Amino acid sequence: MEKLKVGVLGATGMVGQRFLSLLENHEWFDVVCVAASPRSAGKTYEEAVGSRWKLDTPMPEKVKGLIVDNVNDVEKVSAKVDFVFSAVDMTKDEIKAIEEAYAKTETPVVSNNSAHRWTPDVPMVVPEINPEHLEVIKFQQQRLGTKKGFIAVKPNCSIQSYTPALHALKEFNPVRVVATTYQAISGAGKNFSDWPEMVGNIIPYIGGEEEKSEQEPLRIWGHIENGVIVKAEAPLITTQCIRVPVLNGHTAAVFVDFEKKPSKEEMIAKWKSFKGLPQELELPSAPKNFIQYLEEDNRPQVALDVDYERGMGVSLGRLREDSLFQYKFVGLSHNTLRGAAGGAVLIAELLVKQGRIEKK
Ligand SMILES: N[C@@H](CC=O)C(=O)O
């Protein structure tokens, strides 16, 4: 198939950089446009980023010489591309407005931002968990007055270290969950050079994160009713989100009660055999095995397991009975791959496979 032309909005930030690196040799997508703030516009991508390239892999050769467009030139950017990934860094209201403006030019937007996560007719998707929410796009298009343009978003990175694990156990009906997340500094768009206070430190506060971590899984488990997503009412989830001195990888320590208590063996078997639509469709970025369970007492470890399945899989371990809850376990996922750009690329691949994104 001829590759689809892709633009990355907010291309100079850390998530934008991740998009470019993931898309460097993508089988279906070709980055033809990088857009960023007016400050960067008119420069080559290499000049605009300068020393702010934050990944440990080199800047892709192909994007170095691209001239950065002003992200606010919606018509100009839209004319170059079949769809865009959005990682723009603006206020919530500005993001809502600019993503809708792109959608209204008949340009699908797959967004990493939180601005539209609770817009009732915008699907927020983990492709292995709730691909059926993409059906809400037709109602969104009626509201926007578009035929091909729409917005789809991915959830917050923190929830990916425990939501897939709970989803694989849905038939046992999880009713109460406590999750404490230990979140890497790249989740804040930083590395250790630009956040030296994090060396050897822990900060017990991440603005807005606990609310997202408690509420977003419920929207993922919701259903479509009258053209909007209605969130699920259970399980009850409470979280504490803590910043830790790790570059990549969000870990969660999880306690859970079920309505029908499974055995430990049943839980591990469900995790190991869990498959979703991306695995069935063999999408290019889909992990072969979404969830791995590690038997060793000292796993999952960030240093050993964060890159499982090219950073697109979830690693679980330490499942045991608890004295207050039925069970406890630990989960780990890569926050800027599965939790950010990689999750968005997987959504885009599913949208292409479903014919919702195509050549203009
Ligand atoms: N809000 C998260 C980033 C996830 O998308 C964090 O700060 O780690």
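Because the structure is predicted, anything quoted here is derived from the model rather than measured. Just follow the structure's listing: the first ligand is 1, and inside any ligand the first atom is 1. Residues: numbered from 1 along the sequence shown.
With distances taken over non-hydrogen atoms, the option nearest atom 6 (C) of ligand 1 out of G208, P155, G187 is G187.
Counting atoms of ligand 1 from 1 in the listed order, those under 4.0 Å from a heavy atom of I206 are 7 (O). Residue H250 has at least one heavy-atom neighbour below 4.0 Å for each of these atoms of ligand 1: 8 (O). Ligand-side atoms of ligand 1 in range of N156: 1 (N), 2 (C), 4 (C), 5 (O), range being under 4.0 angstrom from any heavy atom.
Closest protein heavy atom to atom 4 (C) of ligand 1: C157 SG, 2.0 Å. In terms of protein heavy-atom proximity, atom 7 (O) of ligand 1 is closest to R243 NH2, 2.7 Å.
Residue contacts with ligand 1: Q183 is placed with a nitrogen or oxygen under 3.5 Å of a nitrogen or oxygen of the ligand (distance criterion only). Close N/O approach between E209 and ligand 1 is found [any backbone or side-chain N/O within under 3.5 Å]. Between A184 and ligand 1, a contact under 3.5 Å exists for no N or O pair.
A salt bridge does not link D30 with K3: none of the charged nitrogens is closer than 4.0 Å to a carboxylate oxygen. Using a 4.0 Å cut-off between a side-chain N of Lys or Arg and a carboxylate O of Asp or Glu, E358 and K148 qualify as a salt bridge. Contact check on R117 versus E216 returns a salt bridge, with a Lys/Arg side-chain nitrogen under 4.0 Å from an Asp/Glu carboxylate oxygen. Electrostatic pairing of E265 and K270 does not count as a salt bridge here, judged by no charged N lying under 4.0 Å from a carboxylate O.
Partner F83 forms a ring pair (Phe, Tyr, Trp, His ring centres under 6.0 Å) with one of F29, W28, Y102 and no other, that one being F29.
To the nearest 0.5 Å, atoms CG (N130) and CG (L277) are separated by 11.0 Å.
Counting heavy atoms from C-beta on, the side chains of E75 and T105 come closer than 4.5 Å.
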